[in-house]
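Beneath this line is the structure, given in structure tokens, with notes to follow.
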Amino acid sequence: MTILILHGVNLNMFGKRDPKHYGTETLNDIDHQLNQLALELGVEVESFQTNHEGQMCERIHAAHTDATQAIVINAGAWTHYSYAIRDALAILTIPIIEVHMSNVHAREEFRHHSVFSPIVKGQICGFGVESYLLGLRAAASAIQISKT
Ligand code: DQA
């Protein structure tokens, strides 16, 4: 069971970036915690980060043929306007969970809207690193449910 974790634009800067919203843990720390939880849950995770929209689309396209069974995505600012990434995600039929470290609804208005909302299984935001961990749990149980 393989779950693809997608980190979008600027998320490689976690640890240095706006600690009030994103804390002080780095993307490596987050991936480490995801790997630990994956072991507990008995799933495999693969993480991918890019600052290039086209590369993100190509990684999502590859998920059609590489045995990915679910996706957890924090697309960063792309969440709010990237129809290209939304269209790439929409081609997939596997469960997609959208996550955000910060509570996007309590921040600037442009962050309140996600162009992914209509095509994802659900959204988790506002729990810091825990948003990713909850997202991984949600993805693992969505795969189990679709198998039964
Ligand atoms: C974010 C929220 C987005 O609005 C922002 O552009 C990010 C990070 C989050 O994890 O809270 O880059 O996705």
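One-based numbering, in listed order, for ligands and for the atoms of each. Values below: every heavy atom of this structure, side chains too, minus hydrogens, waters and symmetry copies.
- By the side chain to side chain contact (heavy atoms under 4.5 Å, CB included) test, Asn10 is found to be paired with Arg17, residues two or more places apart in sequence or in another chain being considered.
- Using a 3.5 Å distance cut-off with no hydrogens or angles, the side chains of Ser114 and Glu98 do pair a donor with an acceptor.
- At least one side-chain heavy atom of Ile97 sits less than 4.5 Å from a side-chain heavy atom of Ile124.
- For the residue pair Gln123/His105, the side-chain donor-acceptor check at 3.5 Å is satisfied.
- Within 4.0 Å of ligand 1, protein heavy atoms come from Leu11, Arg17, Tyr22, Asn74, Gly76, Ala77, His80, His100, Met101, Ser102, Val104, Arg111.
- For the pair Asp31 (side chain) and Asn28 (backbone), a donor-acceptor distance under 3.5 Å is absent.
- With no hydrogens or angles considered, no side-chain donor-acceptor pair links Thr50 and Arg59 at under 3.5 Å.
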